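Every value quoted in this text rests on a predicted model; they were computed, and no experiment measured them. Order of the sequence lines sets the chain letters (A, B, ...), proteins ahead of strands, with each chain counted from 1.
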Amino acid sequence: MEEIYAKFVSQKIRKTRWRPLPPGSLQTAETFATGSWDNEENYVSPWSIGDFGNLDSDGGFEGDHQLLCDIRHHGDVMDLPSFDQERIVTASSTGCVTVFLHRPNNQTLSVNQQWTTAHYHAGPGTPSYSSAPCAGVVCNNPEIVTVGEHGRINLFKADHKEATRTIDNADSNTFHAVTFLQTPEILTVNSTGQLKTLDFRQQGNELSHILSLTSDRVPLHCVDRHPNQQHVVATGGQDGILSIWDVRQGTMPVSLLKAREAEMWEVHFHPSNPDHLFTCSEDGSLWHWDASTDVPEKLSLFQQGGRSSTFLSQSISNQANVHQSVISSWLTTDPAKDRIEITGLLPSRSLSVNSLDVLDPCLVCGTDAEAIYVARYLFFIEIL
Amino acid sequence: MEELDGEPAVTVIPGVNSKKNQMCFDWGPGEMLVCETSFSKKEKSEMVPSCPFIYIIRKDVDVYSQILRKLFNESHGIFLGLQRIDEELTGKSRKSQLVRVSKNYRSVIRACMEEMHQVAIAAKDPASGRQFSSQVSILSAMELIWNLCEILFIEVAPAGHLLLHLLDWVRLHVCEVDSLSADVLGSENPSNHDSFWNLVTILVLQGRLDEARQMLSKEADASPASAGICRIMGDLMRTMPILSPGNTQTLTELELKWQHWHEECERYLQDSTFATNPHLESLLKIMLGDEAALLEQKELLSNWYHFLVTRLLYSNPIVKPIDLHYYAQSSLDLFLGGESSPEPLDNILLAAFEFDIHQVIKECSIALSNWWFVAHLTDLLDHCKLLQSHNLYFGSNMREFLLLEYASGLFAHPSLWQLGVDYFDYCPKLGRVSLELHMERIPLNTEQKALKVLRICEQRQMTEQVRSICKILAMKAVRNNRLGSALSWSIRAKDAAFATLVSDRFLRDYCERGCFSDLDLIDNLGPAMMLSDRLTFLGKYREFHRMYGEKRFADAASLLLSLMTSRIAPRSFWMTLLTDALPLLEQKQVIFSAEQTYELMRCLEDLTSRRPVRGESDIQQLQDEDIETTKVEMLRLALARNLARAIIREGSLEGS
């Protein structure tokens, strides 16, 4: 039976992210960071899920995650990727991008690097300076790419005070999220439902390769890349539809999976078992999507929160020309043949789950109801 | 208007001198603005310097407590669960659901209380420590009242079971005994411990007779002299008849057994069996329900409701709910003994024992500093169908009124507004309008927050609010020169007028710069293009440019013409369109047919003939007009030449 620990933390959580493990390490996830939003004072806080199996003196609290320390953050925390094992980057609604250093030995957070005016409205007619929220950050040591709600893209190097490259008006609308496709190439999603790629090796300031959901113009809120197959990308939109794209071909998603009506705030492939992915949504649901075709009914181990298998799947593009063996199970989704199991992980809650993160074998998510949920052992690990 | 139940509390604002100057104020949803005017109180004409500040007075300060925030958030989920309890459920299953909900609420209060207690202990300065401690006692009083209401109103325990519940209630809230017991049992020789007899007495007072017996056996072991009477007392304790939950015996049976047992105790008292040991004798008197003996233990009882329950336990264990109020009132009077007057908490509990729900809620509203408690309790009792829904004079019933107050308090808080939404949803009369008024006033700092606000409004078909939010965002975008974003927002709001305005800005920018911005948006408008004529024109005009760029001249030409003939293009833009036609007219091959050329000519003439005749004009205007005339002449020439070529070509084609 899956155990999910909840803790109310008196602040609305916008982002939760695990601290990455050192490569090749046998440890399991231990520390995660949260960023709050829409509070009078917002905070970035690292948490520890503590030692496994060690009972607290009270006995009952062994599953609770404990606050390690916190630091004030100016503005809402819009994004919170880890830069390396010790550094976290935050995107602020004030347009500021900050690198925080977390020293685990004495549990302190300090500002390591800061670009206060990474994002602001510029141009004729605008007031001298007005900040624009930074919507997303993605890191690949030493590079940090930030995208703003006002359509600007910045490329920073962690130890440089100045931006290495800035592209203004890269989008006429609002960027919502960004991820790396391959190292110098980023993929963004925006408020008109478009996916755009940008290759930093090229000099032009035009984003290329616009993919778009037909003519619906439904905003996309999140994007995640398949960990092993860099051309497979999952996005989640305002209408709650999970779309799987093959960025190499076509301008339409390969499949659309209808979940619910409310905004899908985040989507994440499981890093080591990418046949599983997780989404969270404005309606307060946290869902596990299982597309592994080789695991039949064994998954009934995990039934908490009620199973919901109602989904609608559409295969749009044909992949006859793709070699069968390299196709991800996500691209072959055929409602007639395969099933995608969808499982709700949280009991029904009404307020939004804003963020989730998965790292072997744990999952963390944060909500507008000011709670942080941690699942210690994700079920399918036992099966594999 | 109903009369006031008490004098309203006076709040002193430091720095404001209301004696000297007149004050002015304005109501807000959860707050109030107060400032001094420059008018003196006495002499009307004289202006006096006044305090330069405007004060914000918050009514519901508890909303700002970090720890109580957890209470608000956690109980919000329980509240929603309660609203979703199937109305169809009746009888037992419904009752058990409601009791479960009530217990959930209480456990949240307790969790909050424990955390507050930890914080109070850890507090560094004594002032904040005291503040936290007082919060702890408020929370504990809330839980005490809630628990009693749960027993009396929700559980509705029948005679017999009622007392068992009340005993649990007292045991839960008078819990010093556990630490005392640990203390005594931990000592080397428990029966010699200073508090040994205190502990035994408390156990008896709380009806924990098994534990009391175990204690007595320790005493018997330690002093063989009193072993005999201790055993007799132990037997009395063991044989006291009680109603156990699983037992099927009837109340009459129990009553008979109990009478028998009571008489046996009476006999021991008359025989003076325990005369040698005053402790045991007083225990016996307690077990006989002797009021004087009970009142001697005032210190150990600590409060009148403990006294009430103990008194009932040993004098009338099968008390009927209806008789409770009599015992409650007399217990309160006996316990206080005219020395002190009852406090608010006593009045609330007394009102509960009298089954006067309205009085309980009223007293709580006056005594407690937040709306959380009364709002949630009233809602729960309303779900138990206990409140006659008599309307209050301001148009809603009591449940709704309290929920509205609570939710408004949440909306006054910068981050708890999301919780308030669901409370308004469950207020059938005034919830919707209140929500509309509050939603409009949420500051929209980021688009993400705006999206959440929009989702709430869209879900509830609050079209007015959706429009106004989108308009605010669109205006912001325009101010920041983000035309694409502005256009998107007006499309989302289906705001045709604003879409026209933004489209005009796009066209103006095009005329100035000669190229389009925000192509990623305009090229992908899709059906949204139909929102306004101007937007359609913008999209089509851009399409013309694309066709031209792709060298699809014939398509481009007919699109251009249709833009004018269908009157989608604004007249002010016709000249630009005609100028755009020039290069097409000058192409080697004939693109515009003769008929199309006639149409173009008609458009041109239409445009020039309606040109207003100007009077005096300055040099700049003259120059502009000069350019215009040249343009027109060039156009005429090109049109004429194209017409000639087209006629020849069409004629020869038809001829061939």
Side-chain angles (χ1 to χ4, degrees), chain A residues 6 8-12 14 36-40 75-76 78 93 121-127 130 132-133 135 149-151 169-174 176 190-194 196 207 210 212 214-217 219 221 238 261-263 265 282 347-352 354 367-371, chain B residues 64-74 76-77 80-81 84 108 111-112 115 413-419 421-422 425 445-449 451-452 454-456 459 476-489 491-492 517-529:
Chain A
F8 285 85
V9 293
S10 295
Q11 46 184 338
K12 290 206 261 188
R14 166 44 80 56
S36 73
W37 80 288
D38 202 27
N39 296 308
E40 276 179 304
D76 295 349
M78 304 286 282
S93 60
H121 290 292
T126 35
S130 71
E149 281 192 356
H150 63 321
N169 290 323
D171 195 300
S172 56
N173 276 281
T174 306
H176 280 159
N190 74 0
S191 64
T192 46
Q194 296 165 344
K196 297 179 190 175
L207 275 74
I210 298 182
S212 165
T214 56
S215 56
D216 297 346
R217 302 171 27 88
H221 290 300
Q238 177 167 284
E261 301 279 296
E263 285 90 347
W265 290 126
E282 174 72 21
S348 76
R349 298 272 166 179
S350 73
L351 288 194
S352 168
N354 290 325
T367 73
D368 273 347
E370 309 188 344
Chain B
Y64 296 87
S65 153
Q66 287 293 312
I67 297 169
L68 289 183
R69 262 176 94 154
K70 298 180 187 181
L71 175 72
F72 303 144
N73 274 297
E74 217 171 338
H76 167 256
L80 285 186
R84 287 170 194 153
V108 177
C112 213
E115 189 176 347
H413 189 278
S415 16
L416 293 175
W417 56 274
Q418 275 170 302
L419 297 177
V421 175
D422 288 309
D425 276 351
N445 347 20
T446 64
E447 270 193 33
Q448 295 269 349
K449 185 169 177 184
L451 286 174
K452 289 191 184 249
L454 266 181
R455 149 86 31 195
I456 289 167
Q459 252 174 358
K476 262 191 191 166
V478 168
R479 230 174 277 136
N480 288 322
N481 253 339
R482 305 267 315 142
L483 292 185
S485 186
L487 188 56
S488 289
W489 283 116
I491 290 173
R492 178 151 180 189
S517 56
D518 301 322
L519 288 181
D520 55 344
L521 174 69
I522 301 173
D523 283 348
N524 295 293
L525 279 174
M529 198 192 280

Q: Return yes if a side-chain donor-acceptor contact under 3.5 Å exists between B/R482 and A/N169, otherwise no.
A: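 A/N169 and B/R482 do have a side-chain donor-acceptor pair below 3.5 Å.
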Just verifying a value: how many Å separate [X] [atom1] and [Y] [atom2], rounded to the nearest 0.5 Å?
| X | Y | atom1 | atom2 | value |
| --- | --- | --- | --- | --- |
| A/L351 | B/Q418 | CG | CD | 5.5 Å |
| B/L487 | A/N173 | CG | CG | 8.0 Å |
| B/K449 | A/K12 | NZ | NZ | 6.5 Å |
| A/Q194 | B/D523 | CD | CG | 9.5 Å |
| A/H121 | B/R479 | NE2 | CZ | 11.0 Å |
| A/W37 | B/K452 | CH2 | NZ | 5.0 Å |

Q. What are the two closest heavy atoms between B/N73 and A/D368, and how far apart are they?
A.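 Nearest pair, atom of B/N73 first, then A/D368: OD1-O, 4.2 Å.
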Most contacts with chain B, counted as non-hydrogen pairs under 4.5 angstrom, among [options]:
| options | result |
| --- | --- |
| A/N190, A/T174, A/T367 | A/T174 |
| A/E40, A/M78, A/H221, A/H176 | A/E40 |
| A/S172, A/S191, A/P133 | A/S172 |

(Q) Less than 4.5 Å to any heavy atom of chain A: does that hold for the side chain of B/W489, its backbone, both, or neither? (A)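 Interface part for B/W489: neither.
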So which of [options] has the largest heavy-atom pair count under 4.5 angstrom toward chain A?
| options | value |
| --- | --- |
| B/H76, B/H413, B/Q448 | B/Q448 |
| B/L451, B/L483, B/L416 | B/L451 |
| B/G484, B/S415, B/A111 | B/S415 |

Q.
Please classify the contact between A/E282 and chain B as side chain, backbone, both or neither, with a heavy-atom cut-off of under 4.5 Å.
A.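 A/E282 touches chain B through side-chain heavy atoms alone.
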Q. A/A262 versus chain B, heavy atoms under 4.5 Å apart: side chain, backbone, both or neither?
A.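 It is both, since atoms from each part get that close.
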Q. Going by heavy atoms in the side chains, are A/D76 and B/N445 under 4.5 Å from each other?
A.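 Not touching, per the 4.5 Å side-chain cut-off.
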(Q) With a 4.5 Å cut-off on side-chain heavy atoms, are B/S485 and A/E149 touching? (A)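 With C-beta onward as the side chain, the pair stays apart.
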**Q.** Contacts of type side-chain contact (heavy atoms from CB on, under 4.5 Å), residue A/S36, not counting sequence neighbours
**A.**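 With neighbours one apart ignored, the set is A/Q11, A/N39, A/N42.
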Q | side-chain contact (heavy atoms from CB on, under 4.5 Å) partners of B/Q66, counting only residues at least two apart | A |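 B/Q66 satisfies side-chain contact (heavy atoms from CB on, under 4.5 Å) with A/S10, B/R69 only.
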